[in-house]
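See structure below.
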Amino acid sequence: MKAIILDNPLIQHKLSIIRNKKTGTKEFREIIGEIATFLCYEAMSDAKLEEIEIETPMGKTKVKRLDENQYAFVPILRAGTGMLDGLLKAMPNAKIGHVGLYRDEETLKPVRYYYKMPKDIANREVIVLDPMLATGGSATDTITMLKEDGVKKIKFLCILAAPEGIRKLEEIHPDVKVYTASVDEKLNEIGYIVPGLGDAGDRIFGTK
Ligand code: PRP
Ligand code: URA
């Protein structure tokens with residue numbers, strides 16, 4: 001599997017808290033944001049930097065800087081927005097697009113209800129956000145839409161992934177790197193990740 005798994009002890013510790021069904025909405029949402037920040041740092045480890053000259057209080061020096069304007073974050077509604085603040089902490093100047101999808105509970109196929117991207121999306125590297133990569137339907141459809149809009153470089157960040165979702169992404173979009181805090185055991189018969197953390201959207205927004 002080509003997924004990049006962040007098995008840092010602190011991240012695994014945070015995961016242990018959000019997997020616990022006793023953890024409440026506030027703490028759950030905060031930790032999703034914290035893990036998202038770490039995923040963002042890892043996803044940016046191959047970023048190209050430009051060299052510029054600045055003046056520190058001690059004198060002139062050359063420093064390396066990232067052009068944040070080359071990036072866009074695309075959360076998949078609704079649960080993906082729970083990761084957005086964490087990414088914006090790391091890269092506050094990235095632009096943001098939104099994709100609205102929900103999984104049909106019978107077919108498990110994603111149904112699109114919203115799509116709005118920055119005008120120059122084709123010229124940006126796009127980081128797609130969704131806490132859960134389950135069957136992989138929502139992620140693959142989102143990436144297909146972005147490619148149809150001309151986007152060339154895409155990364156996918158999630159908190160948990162199922163092996164089935166990773167396989168589907170690899171098969172349909174082998175050029176897209178997946179960053180996750182864990183690849184769990186399997187999907188259950190209704191398409192939920194096991195052991196997982198339940199319904200990410202409901203736990204982030206307190207809707208159940
Ligand atoms: C969840 C999750 C993903 C999708 C993953 O969203 O946030 O978007 O399911 O499943 P998949 O890999 O099988 O497509 P859901 O449809 O529950 O919508 P929500 O974010 O609005 O709760
Ligand atoms: N969506 C979720 O929120 N959780 C899962 O386990 C699978 C899909």
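Quick note: numbers below take in every heavy atom, side chains included, and nothing from hydrogens, waters or symmetry partners. Numbering of ligands and ligand atoms starts at 1, following listing order.
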When you compare the side chains of [X] and [Y], does any donor N or O come within less than 3.5 Å of an acceptor on the partner?
X: Arg78; Y: Thr207; answer: yes
X: Thr81; Y: His98; answer: no
X: Tyr115; Y: Asp149; answer: yes

Exercise. Can you check side-chain hydrogen bond (donor to acceptor under 3.5 Å, both in side chains) on Tyr71 and Asn93, steps first, answer last?
Worked result: CA-CA 8 Å; Tyr71 296 87; Asn93 294 305; over 6 Å; no
For this session: Please verify whether a non-hydrogen atom of Gly198 lies at under 4.0 Å from ligand 2.
Result: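 Yes, that is the case, since the closest heavy atom of the residue is under 4.0 Å from the ligand.
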For this session: Check if Gly191 has a non-hydrogen atom at a distance under 4.0 Å from any atom of ligand 2.
Result: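 Yes, Gly191 has heavy atoms under 4.0 Å from ligand 2.
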Problem set entry | Heavy-atom neighbours of Phe38 CZ exceed 12 at 6.0 Å |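 Result for CZ/Phe38: open.
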Please check whether [X] reaches ligand 2 - meaning an N/O of the residue sits under 3.5 Å from an N/O of the ligand, judged on distance alone.
X: Ala200; value: yes
X: Ile193; value: yes
X: Ala134; value: no

For this session: With heavy atoms under 4.0 Å as the rule, classify the contact between Thr135 and ligand 1 as side chain, backbone, both or neither.
Result: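 Answer for Thr135: both.
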Exercise. Passes salt bridge (Lys or Arg N to Asp or Glu O under 4.0 Å), Asp46 versus Lys153? Steps please.
Worked result: CA-CA 12 Å; Asp46 64 354; Lys153 191 160 180 199; 3.6 Å; yes
How far is [atom] from its nearest protein heavy atom, and which residue and atom name does that atom have?
atom: atom 10 (O) of ligand 1; answer: Arg103 CD, 3.2 Å
atom: atom 18 (O) of ligand 1; answer: Leu101 O, 4.2 Å
atom: atom 5 (C) of ligand 2; answer: Tyr192 CD2, 3.4 Å
atom: atom 17 (O) of ligand 1; answer: Asp199 OD2, 4.2 Å
atom: atom 5 (C) of ligand 1; answer: Met132 O, 3.5 Å
atom: atom 8 (C) of ligand 2; answer: Arg103 NH2, 3.5 Å
atom: atom 21 (O) of ligand 1; answer: Arg78 NE, 3.1 Å

Side-chain donor/acceptor of [X] to backbone N/O of [Y], under 3.5 Å:
X: Thr180; Y: Val183; result: no
X: Arg167; Y: Ala162; result: no
X: Glu42; Y: Ile4; result: no
X: Lys64; Y: Glu50; result: no
X: Lys152; Y: Gly150; result: yes
X: Thr23; Y: Ile17; result: yes

For this session: Answer yes or no: does an N/O atom from Tyr113 fall short of 3.5 Å to an N/O atom of ligand 1?
Result: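 Among all N and O atoms of Tyr113, none is under 3.5 Å from an N or O of ligand 1.
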For this session: Answer yes or no: does an N/O atom from Ala134 fall short of 3.5 Å to an N/O atom of ligand 1?
Result: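 For ligand 1, there is an N or O atom that lies under 3.5 Å from one belonging to Ala134.
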Problem set entry | Protein heavy atom under 4.0 Å of atom 13 (O) of ligand 1 |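 So atom 13 (O) of ligand 1 has protein heavy-atom neighbours under 4.0 Å.
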For this session: Can you confirm whether something in the protein, heavy atoms only, sits under 4.0 Å from atom 3 (C) of ligand 1?
Result: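 It does; a protein heavy atom is within 4.0 Å.
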Exercise. Does ligand 1 have any atom that is closer than 4.0 Å to a heavy atom of Gly136?
Worked result: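 Right, Gly136 reaches ligand 1.
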Exercise. Under 4.0 angstrom from ligand 1, any heavy atom of Asp130?
Worked result: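 The answer is yes: ligand 1 sits under 4.0 Å from a heavy atom of Asp130.
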Problem set entry | Element-labelled atoms of ligand 1 that are located less than 4.0 Å from some non-hydrogen atom of Tyr102 |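 Per the distance check, 16 (O).
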Problem set entry | Subset of ligand 1 atoms that lie under 4.0 Å from at least one heavy atom of Ala79 |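 Here the atoms of ligand 1 in question are 7 (O), 20 (O).
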Exercise. Looking only at heavy atoms, which two atoms of Phe205 and Thr25 are closest? And how far apart?
Worked result: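 Where Phe205 meets Thr25 most closely, the heavy atoms are C-CG2, 4.3 Å.
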